[in-house]
Amino acid sequence: MAVSVSIDPDLCVGSGDCVRLLPGAFELREDLGVSVPLPGALDAEIDLLVQAAYGCPTQAIRVVAADGTVLHESNGG
Ligand code: SF4
């Protein structure tokens, strides 16, 4: 099942937790000071994506299933 993953750049503090958990799905952009989802996020295990989202210290990650179900909402909505 394809998912949609986004990171609110206003909330991300660049902690790198998501990158350590799923290096194929997230990349820490040192130049921007935030993480961004990679194309590989679409192929990542949904459970791990949701785990990364819950583990984000600022709840910046939003994960939406292919059917539109919000699996994890970010604090930015
Ligand atoms: S875990 Fe959250 S705050 Fe840390 S880099 Fe990833 S999105 Fe940003």
Side-chain angles (χ1 to χ4, degrees):
M1 181 170 66
V3 295
S4 164
V5 182
S6 58
I7 295 177
D8 187 329
D10 293 331
L11 293 176
C12 177
V13 293
S15 68
D17 296 60
C18 57
V19 180
R20 282 188 287 277
L21 184 65
L22 277 172
F26 300 102
E27 178 182 46
L28 187 57
R29 290 282 304 271
E30 303 283 355
D31 54 335
L32 302 176
V34 299
S35 283
V36 296
L38 294 172
L42 302 180
D43 299 322
E45 280 190 43
I46 292 176
D47 286 355
L48 287 177
L49 287 171
V50 172
Q51 188 179 327
Y54 274 100
C56 171
T58 58
Q59 298 296 292
I61 303 174
R62 187 173 202 261
V63 184
V64 181
D67 66 0
T69 304
V70 178
L71 301 175
H72 186 274
E73 186 59 276
S74 75
N75 269 348

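In this text, all values refer to a predicted model and were calculated from it rather than measured experimentally. Indexing begins at 1, ligand by ligand and atom by atom, following the structure's order. The chain is numbered in sequence order, starting from 1.
Rounded to the nearest 0.5 Å, atoms CD (Gln51) and CG (Leu48) are 5.5 Å apart.
Among the backbone and side-chain atoms of Cys56, an N, O or S atom lies under 2.8 Å from atom 2 (Fe) of ligand 1.
Regarding atom 3 (S) of ligand 1, its nearest protein heavy-atom neighbour is Val13 N, 3.4 Å. Scanning the protein for heavy atoms near atom 4 (Fe) of ligand 1, the closest one is Ser15 OG, 2.2 Å. Of the protein's non-hydrogen atoms, the one nearest atom 8 (Fe) of ligand 1 is Cys12 SG, 2.3 Å.
There is no path of hydrophobic side-chain contacts, each under 4.5 Å, that joins Phe26 to Val64.
The closest donor-acceptor contact from the side chain of Glu27 to the backbone of Ser35 lies at 3.5 Å or more, if one exists at all. In terms of modelled atom types and a separation under 3.5 Å, the side chain of Glu73 and the main chain of Val70 share no donor-acceptor contact.
Close approach to Ile61 involves these atoms of ligand 1, each under 4.0 Å from a residue heavy atom: 7 (S). The Cys18 neighbourhood of ligand 1 comprises atoms 1 (S), 5 (S), 6 (Fe), 7 (S), with distances under 4.0 Å to a heavy atom of that residue. Listed by atom number, the atoms of ligand 1 under 4.0 Å from Gly16 heavy atoms are 4 (Fe), 5 (S). Short contacts between ligand 1 and Thr58, defined as distances under 4.0 Å to a heavy atom of the residue, involve ligand atoms 3 (S).
Using 4.0 Å as the threshold, Val34 has no heavy atom nearer than that to any atom of ligand 1.
Between Ile61 and Ala52 the shortest heavy-atom distance is CD1-O, 3.8 Å. In terms of heavy atoms, Gln59 sits closest to Tyr54 at NE2-O, 3.0 Å. Closest approach of Ser6 to Pro37, counting heavy atoms only: CA-CG, 4.0 Å.
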